Colleague: 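Quick one: the structure is below, and I'll ask about it shortly.
From a predicted model like this one, the values you see are computed outputs, not experimental measurements. Below, read A as the first sequence line, B as the second, and so on, with proteins coming before strands; counting in each chain starts at 1.
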Number of protein chains: 2
Amino acid sequence: MKKTAPEAKLLVVDDEPNIRELLSTSLRFAGFDVVAAANGRDALAAAETHNPDLAVLDVMLPDMDGFTVTRRLRAAGRHFPVVFLTARDDTDDKVTGLTVGGDDYVTKPFSLDEVVARIRAVLRRTHPLEDDDAVIRVDDLELDDDAHEVRRGGETIDLSPTEFKLLRYLMMNPNRVLSKAQILDHVWEYDFNGDASIVESYISYLRRKIDRNPDAVALIQTKRGVGYLLRTADKR
Amino acid sequence: MKKTAPEAKLLVVDDEPNIRELLSTSLRFAGFDVVAAANGRDALAAAETHNPDLAVLDVMLPDMDGFTVTRRLRAAGRHFPVVFLTARDDTDDKVTGLTVGGDDYVTKPFSLDEVVARIRAVLRRTHPLEDDDAVIRVDDLELDDDAHEVRRGGETIDLSPTEFKLLRYLMMNPNRVLSKAQILDHVWEYDFNGDASIVESYISYLRRKIDRNPDAVALIQTKRGVGYLLRTADKR
DNA sequence: CAGGCAAAACGCGGATACTGATGGAGTGAA
DNA sequence: TTCACTCCATCAGTATCCGCGTTTTGCCTG
């Protein structure tokens with residue numbers, strides 16, 4: 001997994017231990033420096049102590065809701081951005097105002113890769129200094145996260161949301177075999193309980209769209225019995 | 001979001017914590033340097049201490065009204081412009097006279113993007129030095145904020161107020177996908193609690209007026225499942 | 001070494017749910 | 001009245017996921 005150049009410090013706040021662990025672990029693995037808290041009170045204290053660059057904040061906490069936490073943080077002079085976690089049905093209609101300022105939100109159940117991508121996007125917007133680009137490149141393949149657009153050799157390729165997330169995951173890990181289980185864990189929502197054959201289907205969809213030229217070396221390769229791999233041309 | 005080049009310092013005064021927070025956060029993100037106050041007394045003190053370039057001032061404050069605050073500021077030799085926040089049902093005679101100097105006013109409930117635009121407009125008028133232009137251009141599309149006018153290829157296009165605000169938001173963020181939630185948060189008034197499908201309607205209206213030529217590449221593009229995007233032709 | 005076998009991967013087709021585009025009705029304000 | 005705005009219903013087009021039959025591949029055995 002590509003690391004963010006200067007490691008940003010994140011504060012993860014969720015009362016469900018499973019989610020908190022899941023997030024902490026994968027964000028840490030993504031190269032972030034992670035501090036976790038289980039409720040609003042601890043979150044405020046942790047913010048004071050660690051002064052994070054961004055917070056991932058569940059809106060439903062046992063002691064106070066995420067908005068209150070945010071308001072108190074801001075009142076205390078902490079102006080780092082927040083990525084809110086909300087239940088899917090809260091968001092569709094009611095809860096608004098989550099994207100004000102540099103903030104953003106992700107609905108539960110989320111896919112891990114999606115959360116990482118959103119966090120990176122928010123950090124990119126609020127710390128525009130770094131030359132950290134929204135575009136990932138592998139060979140003549142370009143994936144632009146801001147525009148949500150994929151090009152191969154300049155040609156725009158149209159992908160469905162899941163195809164896009166899958167390709168992004170592959171492109172973040174070029175020349176590394178990714179098992180179907182890994183792909184499921186990162187790209188699909190964490191409560192998905194279908195089987196891994198769905199990954200085969202989506203790999204097949206992707207191949208049809210990005211590896212349509214049968215003469216060229218395929219970017220997506222199968223490692224039978226192990227997983228899949230996105231290969232760069234200049235690799236051996 | 002486009003930032004203002006030389007950061008101007010703003011004083012935000014409102015007694016409702018939510019509004020104060022909402023404004024502070026989004027103005028800060030818009031590139032301003034923000035100081036906030038909850039009442040007239042604190043506002044006067046803050047003006048002394050921080051010497052802002054502009055104040056955003058609620059006319060209804062617990063201790064004194066916004067006009068009194070302004071009068072005292074002026075008496076103290078502070079002549080920075082003020083953008084007043086007023087209730088929609090305030091009588092006209094109260095509101096007239098607000099715009100006499102370089103001042104302006106916005107009615108509550110406001111749209112965040114609208115407030116930012118008005119503040120920029122006032123600053124533009126009072127600090128004409130900066131090469132900060134009132135005209136946003138994307139391809140052959142021009143939006144003139146001062147004249148409140150939109151042209152495509154020289155041809156003037158007539159838009160309703162909401163259509164105008166929506167287009168402005170899109171044009172301020174070219175080549176970036178904007179979700180319906182983001183659009184609602186920035187373009188609609190903060191107390192709007194209808195659902196996001198209204199955005200679809202307005203996108204549809206805009207397309208009819210702006211992308212009426214079916215042969216040309218559409219400026220407004222749909223990213224299914226993600227949001228909308230205003231595309232520039234010269235995409236790298 | 002050839003042939004056969006089984007597991008893995010693939011591709012297709014279809015059920016189902018969802019998303020977005022659009023037209024029209026209702027409401028309220030100028 | 002007319003214009004903006006909002007909401008709703010409908011329709012078409014997509015996306016997702018699963019199941020099943022086919023193909024490929026690696027391996028084992030004779």
Side-chain angles (χ1 to χ4, degrees), chain A residues 88-89 91-94 96 107 109 111 114 148 150 157-167 177-181 183-184 187-189 191-212 214 218 220-229, chain B residues 88-92 95 107 109-111 114 148 150 157-167 170 177-184 187-212 214 218-229:
Chain A
R88 172 109 55 209
D89 30 340
T91 310
D92 284 344
D93 306 299
K94 280 288 159 200
T96 50
T107 55
S111 98
E114 187 63 16
H148 220 264
V150 172
I157 298 171
D158 208 53
L159 299 183
S160 80
T162 305
E163 289 163 1
F164 185 88
K165 276 183 272 188
L166 172 56
L167 180 60
V177 183
L178 302 167
S179 71
K180 277 178 269 196
I183 295 177
L184 262 193
V187 176
W188 266 259
E189 296 169 355
D191 68 342
F192 179 79
N193 69 345
D195 76 350
S197 69
I198 188 80
V199 176
E200 295 168 15
S201 287
Y202 273 86
I203 288 284
S204 146
Y205 298 156
L206 262 189
R207 284 213 246 245
R208 247 173 266 171
K209 292 183 176 180
I210 72 171
D211 270 334
R212 56 174 38 253
I220 301 176
Q221 308 221 329
T222 304
K223 291 290 158 184
R224 201 183 174 75
V226 190
Y228 298 94
L229 162 129
Chain B
R88 179 142 302 171
D89 48 355
D90 276 351
T91 50
D92 285 349
V95 169
T107 55
F110 45 79
S111 105
E114 185 64 13
H148 216 266
V150 173
I157 297 170
D158 207 53
L159 298 183
S160 80
T162 305
E163 289 163 0
F164 185 87
K165 276 181 274 188
L166 172 56
L167 181 60
L170 293 174
V177 184
L178 302 168
S179 70
K180 278 177 268 198
Q182 270 178 303
I183 295 177
L184 264 193
V187 175
W188 265 258
E189 296 168 355
Y190 58 76
D191 68 341
F192 179 80
N193 72 343
D195 74 301
S197 69
I198 186 107
V199 176
E200 295 165 16
S201 290
Y202 273 84
I203 288 285
S204 169
Y205 300 156
L206 262 190
R207 283 211 247 245
R208 256 176 254 174
K209 294 183 175 181
I210 282 166
D211 273 333
R212 55 173 40 253
L219 284 173
I220 302 175
Q221 307 221 328
T222 303
K223 293 286 161 180
R224 194 161 238 273
V226 189
Y228 298 95
L229 166 123

Colleague: Do any N or O atoms of the protein come closer than 3.5 Å to N or O atoms of nucleotides 22-29 of chain C, and which pairs are they?
Modeller:
unit_1	atom_1	unit_2	atom_2	d
C:dT22	OP2	B:Ser204	OG	3.4
C:dG23	OP2	B:Arg208	NH2	3.2

Colleague: Rounded to whole angstroms, how far apart are CD1 on A:Ile220 and P on C:dG11?
Modeller: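 Rounded to the whole Å, the gap is 11 Å.
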Colleague: Please tell me if A:Trp188 has a side-chain N or O lying less than 4.0 Å from either OP1 or OP2 of D:dT16.
Modeller: no
Colleague: Assuming nearest nucleotide by heavy-atom distance, tell me which of B:Glu163 and A:Asp195 is located more 5' along DNA chain D.
Modeller: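 Of the two residues, B:Glu163 wins.
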Colleague: To the nearest Å, give me how far apart NE2 (A:His148) and P (D:dA15) are.
Modeller: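 These atoms are roughly 12 Å apart.
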Colleague: A:Arg224: which residues meet the side chain to side chain donor-acceptor pair (under 3.5 Å) condition with it, sequence neighbours left out?
Modeller: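 Here no residue qualifies.
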Colleague: Would you tabulate the side-chain donor-acceptor contacts of residues 199-206 of chain A under 3.5 Å, counting partners in other chains and residues two or more places apart, or write 'none'?
Modeller:
unit_1	atom_1	unit_2	atom_2	d
A:Glu200	OE2	A:Lys180	NZ	2.8
A:Ser204	OG	A:Arg208	NH2	2.9

Colleague: When you match A:Gly194 and A:Asp158 each to their closest nucleotide on DNA chain D, which lands nearer the 5' end?
Modeller: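 Mapping each residue to its closest nucleotide by heavy atoms, the 5'-most match is A:Asp158.
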Colleague: Only one of B:Lys223, B:Gln182, B:Arg207 forms a side chain to side chain contact (heavy atoms under 4.5 Å, CB included) with B:Tyr228, so which one is it?
Modeller: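 Answer to the side chain to side chain contact (heavy atoms under 4.5 Å, CB included) test with B:Tyr228 among B:Lys223, B:Gln182, B:Arg207: B:Arg207.
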Colleague: Mind calculating the distance between CG (A:Leu166) and P (D:dT16) to the nearest angstrom?
Modeller: 11 Å
Colleague: Which residues pass the side chain to side chain contact (heavy atoms under 4.5 Å, CB included) test with B:Pro161, sequence neighbours left out?
Modeller: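 Partners of B:Pro161 under the side chain to side chain contact (heavy atoms under 4.5 Å, CB included) test: none.
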Colleague: Not counting sequence neighbours, which residues clear side chain to side chain donor-acceptor pair (under 3.5 Å) with B:Gln221? List them please.
Modeller: B:Arg231
Colleague: Mind calculating the distance between CG (A:Asn193) and P (D:dT16) to the nearest angstrom?
Modeller: 17 Å
Colleague: Phosphate oxygens OP1/OP2 of C:dG20: is one of them under 4.0 Å from a side-chain N or O of B:Lys180?
Modeller: yes
Colleague: Under 3.5 Å, side chain of A:Thr107 to main-chain N/O of A:Arg88, donor-acceptor pair present?
Modeller: no
Colleague: Please determine which of B:Leu159, B:Leu166, B:Leu167 meets the side chain to side chain contact (heavy atoms under 4.5 Å, CB included) test together with B:Glu163.
Modeller: B:Leu159
Colleague: Rounded to the nearest Å, what distance is computed from the CD1 atom of residue A:Ile183 to the P atom of nucleotide D:dT16?
Modeller: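 Those two atoms, CD1 and P, are 15 Å apart.
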Colleague: I'd like a list of close polar pairs between nucleotides 4-7 of chain C and the protein, N/O only, cut-off under 3.5 Å.
Modeller:
unit_1	atom_1	unit_2	atom_2	d
C:dA7	N3	A:Arg224	NH2	3.4

Colleague: Look at the aromatic rings of B:Phe110 and B:Tyr190 and report parallel, tilted or perpendicular, splitting at 30° and 60°.
Modeller: perpendicular
Colleague: Taking atom C1' of D:dC18 as reference, at what distance in whole Å does atom CD1 of A:Ile198 sit?
Modeller: 7 Å
Colleague: Think B:Thr162 has a side-chain N or O under 4.0 angstrom from the OP1 or OP2 of D:dC5?
Modeller: yes
Colleague: Rounded to whole angstrom units, what separation is found between the CD atom of A:Gln221 and the P atom of D:dT24?
Modeller: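 So the CD-P distance, A:Gln221 to D:dT24, works out to 17 Å.
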Colleague: Please report the distance, rounded to the nearest Å, between CG in A:Leu184 and P in D:dC17.
Modeller: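 In whole Å, D:dC17 P and A:Leu184 CG are 10 Å from each other.
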Colleague: Kindly give the heavy-atom pair with the smallest separation between A:Leu184 and A:Ala196, and that separation in Å.
Modeller: CD1-CA, 3.9 Å
